[in-house]
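Here the structure comes first, spelled out in structure tokens, and everything after it is commentary.
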Amino acid sequence: MGYKKLNTSLEFVKGVGSIRSKILNQELKLKTCKDILYFFPFRYVDRSKFYKISEINSETSYVQIIGKITDVKLVRYNKGFRVEAFFNDGKNELKLTWFKGTNWIQKILKTNIKYVIYGKVSWFNNKPTLVHPEIEKTNKIQKQGSINIKPIYHSTEKLTNSGITNNILIKIIKSVFDLISDDLHENLNESLNKKYKFRSTKKSLYLIHFPQNLNQLDEVKEKIIYEEFFFSQLKFNLSKNNRKTNSRGFYLPKVGNLFNDFYNNYLDFELTSAQKRVLKEIKIDFSSKTQMNRLLQGDVGSGKTIIAFMSILISIDNGFQSSVVSPTEILAHQHYQSFKEYSKNFRINVEILTGSTSKSKRKEILNKCLNGDIDILIGTHALFEKDVMFNNLGYVVIDEQHKFGVKQRSAMWKKNTPPPHILIMSATPIPRTLTMSLYGDLDLSVIDELPPGRKKVITVHRYDKNRLKVFGFLKDQIKDGKQIYIVYPLIEESKKMDYKDLEDGYHGIIREFPLKQFSIGVLHGRMKNSEKDYEMKRFTEGKIDILISTTVIEVGVNVKNATVMIIESAERFGLSQLHQLRGRVGRGSVESYCILMTKDEISDESKHRINAMTMTNDGFKISEIDLKLRGPGDILGTRQSGDLELKIADLVKDSKIFDNALTDVKELLKKDPFLLKNTNQNIKNYIINNSLDKSWNLIG
Ligand code: ADP
Ligand code: MG
């Protein structure tokens, strides 16, 4: 079946040509007919209604009026000019204003010709005016015919300046439909279309650009959104099935001496049932003979580290090396320490490799690793480097995945053939729809239970003006032998300024907590790693009462005796970061506190976030709220949200459609795993023709 026309370059579409196609590509990344069909309007205006000027009141937003220009003049203001015109609808008059393109506007505006104007009402001195309205001669409108609901597309200055206005875009898209309409295939199968009463793909695509009314718009949008979710989940599931049937993985069937000895004799707590379940899931993968690719989600403090360690023991039991990748040096060191401690009764060789490992030490480690003398190599992204080679790497644990790009994880795949088993541990719980949209090709394990006896971290919001009371509380805690974190924000772009926050904070603290009486530590990103480690070690050993730090402390740090987390300028932190920071306390069974300090005046949005924190300790709930408040782009950072590739679907608003699509995909693949049935050929063709990545072509 031909999908060729869909991939025709826009250059060959009527009214585009080489110059415009270049601009469309540069500005909007639109190259082919298909690209522009899937470039959806971001809003629509109802052009079926015409207003009278007398109808305009303070509630009115956009208006469309027919009338004539009665007067045009250039008015001097500040350093430039503006054009003012008066527009008469037969009874009343309205002012129109242009600040830009004044020469051109003045030239084209003619009096005594009928125009249709359209724009948003603004008020100046209690009088309505339209600033930069769209303006068209009425005969033109009649020619265009029946556009009542007008699509509005995102534009850029360069586009408008080079004459590709919204109206031109509309024309181009209409030409594209004319050109390729025979080539617009149905994407779904009949039974799905019937189930949801969907229109055809072709009709839906057309109507999403040019709906006849707004109700219809919602219907066709649903189909397009559904298709978007459906095909992304279908690709993920096909790739997962493919991996399970075709990609060989190391066979690690033995739960041997190391694991059993540790479990029976050295593990000093009972695993939660969630932890047991996850270990079982990993064991099944290890003995499946195909490569494991598993995402482990669990809230802060849910006990992921022990899962990593115990599953690594299985890997060693079966004669393989393992590796743990962490996003920061502090965390790598902490893992190193705990793994050393866990394995002290065994003949296991644990090593650490980071960016600050000395050259000679690095050389020694690389040698040992290649010889197989190291069982567990822990490190930072330094492990991704090509010259880090193993004798027989069987298993890689990547901690706190959200800090790494998705691509980076594949660097570890290449370190053995077949690729080692991979466990990705994510400490930032993200909502299920987001997880499935980013990691749908991974198997998912969830620790949905905290170790017993854990108390909620009591979380409160305090304004700066109440600082002294907070200090009083801290003194009581210290008297009680407890330790305290005080965290200041750190924003990459302005390290200097934030360091200053920290420095000022430090001086404030030592005024209140004199160094003679209290032991205060400082930790920030500009310190040498050896200095950081030293401070961290003193804190871990209980030699520091208050640790003042920037967010370098954020990830995974584990000190049980620390019971208070003060977050300064909490209004400047994102929700997931606040939750992460809070997770540094409440790690033992004593009562713990998180105090969110803010300016006396904060925005409503900040208040929302702070309230969410005080209301719940559940990371999954927090992440749902975060997704609603900020959208996936802000949660993941733009780099990773690019991996979502969703054009129209919204993970929050459309979560119901998502659930339907996912259920349907699973059912479809259960009945027809290779899409061989006649009825599913549309679906199969779509997959084959829309997979840039050849690995998706798993079924042809
Ligand atoms: P995270 O999931 O945030 O990485 P950790 O693995 O650091 O959490 O575990 C937090 C703390 O809980 C550690 O001190 C760990 O020893 C402890 N822990 C883990 N599992 C259990 C359990 N089943 N019972 C009691 N304590 C546990
Ligand atoms: Mg952790």
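Every number for a ligand or one of its atoms is a count from 1 in the order of the listing.
The pair R454-D299 fails the salt-bridge criterion, with no side-chain N (NZ, NE, NH1 or NH2) lying under 4.0 Å from an Asp/Glu carboxylate O. Under 4.0 Å is where a charged nitrogen must lie from a carboxylate oxygen, and between R362 and E385 at least one such pair does. A salt bridge links R538 with E535: the closest approach of a Lys/Arg side-chain nitrogen to an acidic carboxylate oxygen falls below 4.0 angstrom. Look at K361 and E351 and you find a salt bridge, because one of the NZ, NE, NH1 or NH2 atoms lies within 4.0 Å of a carboxylate O, short of that distance. Between K621 and E624 there is no salt bridge, since none of the side-chain N atoms of the basic residue sits less than 4.0 Å from a carboxylate O of the acidic one.
With a 4.0 Å heavy-atom cut-off, ligand 1 is reached by the side chain of R454 but not by its N, CA, C or O.
Partner H461 forms a side-chain hydrogen bond (donor to acceptor under 3.5 Å, both in side chains) with one of T598, N611, T614 and no other, that one being T598.
Below 30°, between 30° and 60°, or above 60°: for Y593 and F473 the angle between ring planes is above 60°, a perpendicular geometry. Classified by interplanar angle (parallel below 30°, tilted 30° to 60°, perpendicular above 60°), the ring pair F518/F513 is perpendicular.
Listed by number with element, the atoms of ligand 1 under 4.0 angstrom from any heavy atom of K560 are 14 (O). Below 4.0 Å from some heavy atom of T272 lie the following atoms of ligand 1, by number and element: 23 (N). Close contacts of ligand 1 with T305, meaning ligand atoms under 4.0 Å from a residue heavy atom, involve 4 (O), 5 (P), 6 (O), 7 (O). Against a heavy-atom cut-off of under 4.0 Å, S302 is close to the following atoms of ligand 1: 2 (O), 8 (O). Below 4.0 Å from some heavy atom of E270 lie the following atoms of ligand 1, by number and element: 22 (C), 23 (N), 24 (N). Of all atoms in ligand 1, listed by their number and element, those nearer than 4.0 Å to a heavy atom of V300 are 3 (O). Ligand-side atoms of ligand 1 in range of L271: 23 (N), range being under 4.0 angstrom from any heavy atom.
Residue contacts with ligand 1 do not include G298, since none of its heavy atoms lies under 4.0 Å from the ligand. Within the structure, the closest approach of M425 to ligand 1 does not fall below 4.0 Å when heavy atoms are considered. For the pair E449 and ligand 1, no heavy-atom separation below 4.0 Å is found.
Within 6.0 Å of atom NZ in K276, more than 12 heavy atoms from other residues, nucleotides or ligands are found, so the atom counts as buried in its surroundings.
Not one N or O of P451 is nearer than 3.5 Å to an N or O of ligand 1, by distance alone. At a 3.5 angstrom cut-off on N or O pairs, G301 counts as close to ligand 1.
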